[in-house]
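Chain identifiers are assigned alphabetically (A, B, ...) following the order of the sequence lines, protein sequences preceding nucleic acid strands; residue numbering begins at 1 within each chain. In this text, all values refer to a predicted model and were calculated from it rather than measured experimentally.
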2 protein chains.
Amino acid sequence: MAEDGKSTVRAVERALDILLCFTKKKEWAMTELADSVGLHKSTVHRMLATLEERGFIVRDAASDRYKLGLRIWELSANMSGADDPAVIGLPEMERLRDMLGETVSLYLRDGNERIRIQAVQSIQAIRRVAPIGVRLPLYVGASSKVLIAFEEAAKREELLQDASWPPSFDRQQFQEQMAEWQRLGYAMSVEEREQGAAAVAAPVFSRTGKLVAALSVSGPANRLTPEIMRSQAPAVIEAARRLGVMLK
Amino acid sequence: MAEDGKSTVRAVERALDILLCFTKKKEWAMTELADSVGLHKSTVHRMLATLEERGFIVRDAASDRYKLGLRIWELSANMSGADDPAVIGLPEMERLRDMLGETVSLYLRDGNERIRIQAVQSIQAIRRVAPIGVRLPLYVGASSKVLIAFEEAAKREELLQDASWPPSFDRQQFQEQMAEWQRLGYAMSVEEREQGAAAVAAPVFSRTGKLVAALSVSGPANRLTPEIMRSQAPAVIEAARRLGVMLK
DNA sequence: CCCTAAAGTTTCATAGAGTGAAACTTGGTT
DNA sequence: AACCAAGTTTCACTCTATGAAACTTTAGGG
């Protein structure tokens with residue numbers, strides 16, 4: 001039972017791992033799941049029965065495969081509290097989008113990854129939903145820079161020392177540039193994570209001065225040149241500041 | 001291990017029950033949770049450690065209490081598939097809202113309850129987030145009528161026979177009125193669930209003709225008189241039809 | 001239409017995982 | 001300081017979760 005630090009419940013861990021599979025793919029057959037998590041068929045079967053009984057997953061009537069159930073919806077609806085940046089920030093993000101005409105995203109750091117918790121698209125009237133909730137690496141992109149550079153010193157060190165970064169990540173260079181981002185109050189990226197994409201991001205601080213999120217404006221690199229982004233930076237910083245004071 | 005039908009995993013059930021507590025309240029102390037689910041402190045402690053390790057819950061740094069973690073977000077984002085009415089239906093719902101000037105909601109049946117999975121408010125520009133995801137009883141309200149009356153015959157019977165309805169629910173009367181709703185293609189309610197509120201609802205069918213949701217228009221009863229609602233019904237039915245063809 | 005393969009379901013003996021009582025620690029209040 | 005409540009850790013025991021194997025259902029091919 002003893003593991004790294006706290007003692008946990010194996011059966012529950014396994015069940016949660018099964019649930020987490022649904023972030024990779026929306027529909028799973030039982031055997032697929034068993035292979036994916038490396039458990040025996042009959043174990044997965046029992047787990048799925050349990051998860052289904054509580055409404056966390058459902059069986060698609062047609063395909064006989066498993067999907068996430070409505071209880072997940074219910075939970076996520078209830079997690080949006082008065083302090084949820086995704087909800088509170090929406091109007092401010094829309095304002096910024098209308099002002100700059102580009103996609104505006106809000107990122108939270110979770111461990112050594114970041115999650116896009118809210119986004120308003122540039123062109124489409126209705127926001128694309130797919131990319132909300134995605135996990136992205138914390139070592140590329142303007143938002144990542146912000147989420148590290150403006151973190152508390154201790155946390156910042158811890159993140160930089162993280163062994164799980166890929167070899168391509170240049171700690172040295174990153175650390176050197178960090179001072180500049182801190183001075184300017186924003187960071188940029190050009191075709192780091194995605195071909196042909198560029199972004200400017202600014203930190204969102206809570207009233208207590210703690211970093212809570214990164215607000216980014218992103219778009220095609222040929223439109224968002226470094227020069228253009230520099231000119232947009234003040235608007236992003238201002239929006240991020242307003243966003244910050246709205247929180248908690 | 002043997003229970004009603006399928007065999008389940010007790011530890012997992014307990015963990016899920018703990019998670020489900022967060023639909024009632026957003027923040028919990030450990031002892032509160034232990035009392036609520038009727039488990040020993042140390043058991044809950046272990047469960048929470050497990051849930052936390054996987055990111056399903058987090059400890060609020062300030063209050064030292066537990067809240068739902070970002071993994072829930074991630075899951076809910078991934079559950080919105082190409083067939084999620086909540087996402088696809090939004091534009092159509094907004095159209096209807098703009099046309100009638102009242103709140104438009106979309107309900108799904110889950111067991112013998114219904115869930116409001118999407119809503120666009122009448123007045124506010126930004127949609128109220130709180131009530132999305134709430135579970136409501138299936139025996140009152142226009143949407144409930146629709147979610148039962150337009151279900152397949154077998155399912156309909158099963159639902160009507162459900163023993164968990166309160167004594168106040170008049171099966172006889174319900175069944176008599178059902179034919180009328182089916183004939184008209186919509187149902188109304190006046191001050192059934194909530195004082196001073198009224199609603200018209202129409203069924204949303206998938207392309208295969210299966211009932212998938214109920215679309216409702218609701219507002220204050222003094223504005224939404226039966227007469228007015230009757231005149232709005234065709235628009236609701238049409239919007240529900242359009243919504244249906246968009247699905248899957 | 002039958003045969004075979006794959007996927008899903010149930011059964012069951014066993015080990016080891018989960019459990020809760022109790023002891024211990026931490027932090028805040030009178 | 002002493003107290004109390006909340007949270008955390010330990011540990012022996014038992015019952016629960018487990019996976020192998022048998023069995024059932026479904027799907028596809030000859």
Side-chain angles (χ1 to χ4, degrees), chain A residues 1-22 24-69 208, chain B residues 1-22 24-69 154 208 210:
Chain A
M1 204 190 300
E3 282 128 55
D4 45 85
K6 292 160 186 307
S7 67
T8 53
V9 182
R10 195 184 57 162
V12 174
E13 277 183 330
R14 291 174 162 187
L16 297 181
D17 285 340
I18 289 175
L19 267 185
L20 288 174
C21 285
F22 290 88
K24 298 183 214 146
K25 191 146 62 93
K26 290 190 204 95
E27 290 200 347
W28 292 78
M30 199 192 72
T31 319
E32 280 181 319
L33 280 170
D35 289 345
S36 176
V37 295
L39 293 172
H40 197 274
K41 277 200 308 179
S42 87
T43 304
V44 174
H45 184 255
R46 241 174 301 120
M47 293 285 184
L48 288 173
T50 312
L51 289 165
E52 188 176 13
E53 196 232 356
R54 289 291 195 275
F56 282 73
I57 56 171
V58 290
R59 284 189 97 142
D60 189 53
S63 61
D64 230 52
R65 313 179 80 197
Y66 293 93
K67 310 195 309 186
L68 289 174
T208 56
Chain B
M1 204 190 298
E3 282 127 53
D4 44 84
K6 293 162 185 304
S7 69
T8 52
V9 183
R10 195 184 57 163
V12 175
E13 277 184 328
R14 290 174 163 187
L16 296 181
D17 286 341
I18 289 175
L19 267 185
L20 287 174
C21 286
F22 290 89
K24 297 181 214 146
K25 189 146 62 92
K26 290 194 207 94
E27 290 199 347
W28 291 78
M30 201 191 71
T31 318
E32 279 181 319
L33 279 170
D35 289 345
S36 176
V37 294
L39 293 172
H40 197 273
K41 276 200 307 178
S42 83
T43 303
V44 174
H45 184 254
R46 242 174 300 121
M47 294 285 184
L48 288 172
T50 312
L51 290 165
E52 188 176 13
E53 197 231 356
R54 289 291 194 274
F56 282 74
I57 55 170
V58 290
R59 283 188 97 141
D60 190 52
S63 61
D64 230 51
R65 312 178 84 203
Y66 292 94
K67 310 195 308 185
L68 288 173
T208 57
K210 242 184 115 285

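Rounded to 10 degrees, the angle separating the terminal helix axes of the helix from C:dC1-D:dG30 to C:dT30-D:dA1, each built from five base pairs, is 40°.
Rounded to whole Å, atom P of D:dT26 lies 17 Å from atom CZ of A:Arg65. For A:Leu39 and C:dA7, the CG to C1' distance is 17 Å, given to the nearest whole Å. Across the protein-nucleic acid pair, A:Met47 atom CE and D:dT16 atom P stand 15 Å apart, rounded to whole Å. If you measure from atom NE2 of A:His40 to atom C1' of D:dA17, you get 13 Å, rounded to the nearest angstrom. Per the geometry, CG belonging to B:Leu48 stands 15 Å off P belonging to D:dA6, to the nearest Å.
In this structure the side chain of B:Arg14 never reaches within 4.5 angstrom of the side chain of B:Val37, judged on heavy atoms. Residues B:Ile57 and B:Trp28 have side chains not in contact (no heavy-atom distance under 4.5 Å, counting atoms from C-beta outward). At least one side-chain heavy atom of B:Arg54 sits less than 4.5 Å from a side-chain heavy atom of A:Asp17. For the pair B:Leu39 and B:Leu33, the minimum side-chain heavy-atom distance is 4.5 Å or more. Side-chain atoms of B:Val44 and B:Leu48, non-hydrogen and from C-beta on, do get closer than 4.5 Å to each other. Between A:Tyr66 and A:Leu51, the closest side-chain pair of non-hydrogen atoms is not below 4.5 Å.
Annotation for A:Met30 and A:Lys41: closest pair CE-O, 3.9 Å, computed over non-hydrogen atoms. For the residue pair A:Glu27 and A:Glu32, the shortest heavy atom distance occurs at O-OE1, 4.2 Å. Heavy atoms only, all atoms of each residue included: A:Ala11 and B:Val9 are closest at CB-CG1, 4.0 Å. Minimum interatomic distance between B:Met47 and B:Ala15 (heavy atoms only, all atoms of both residues): SD-CB, 3.8 Å. Shown here for B:Lys24 and B:Ser36, the closest heavy-atom pair between the two residues is NZ-OG, 3.9 Å.
Out of D:dT18, C:dT9, D:dG19, the shortest distance to the side chain of A:His45 is found at C:dT9. Listed nucleotides C:dA22, D:dA17, D:dG7 differ in distance to B:Lys41; the shortest reach to its side chain belongs to D:dG7.
Both B:Gly38 and A:Tyr66 sit near DNA chain C, but only A:Tyr66 has its closest nucleotide nearer the 5' end.
Taking 4.0 angstrom as the limit, B:Arg46 places a side-chain polar atom (N or O) nearer than this to OP1 or OP2 of C:dT19. Between B:Arg14 and C:dT19 there is a side-chain N or O to OP1 or OP2 distance below 4.0 Å. Within the 4.0 Å cut-off from OP1 or OP2 of D:dC15, not a single side-chain nitrogen or oxygen of B:Arg10 is found. Close to C:dG20, at under 4.0 Å from its OP1 or OP2, lies a side-chain N or O of B:Thr43.
A donor-acceptor contact under 3.5 Å is not formed by the side chain of A:Arg59 with the base of C:dG8.
Near-neighbour residues of DNA chain D inside residues 28-36 of chain A, defined by a heavy atom below 4.0 Å, are absent.
Expressed to the nearest 0.5 Å, how far NE2 of B:His45 lies from OG1 of B:Thr43 amounts to 11.0 Å.
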Just the atom pairs and distances: protein N or O near nucleotides 28-30 of chain C's N or O, under 3.5 Å.
none

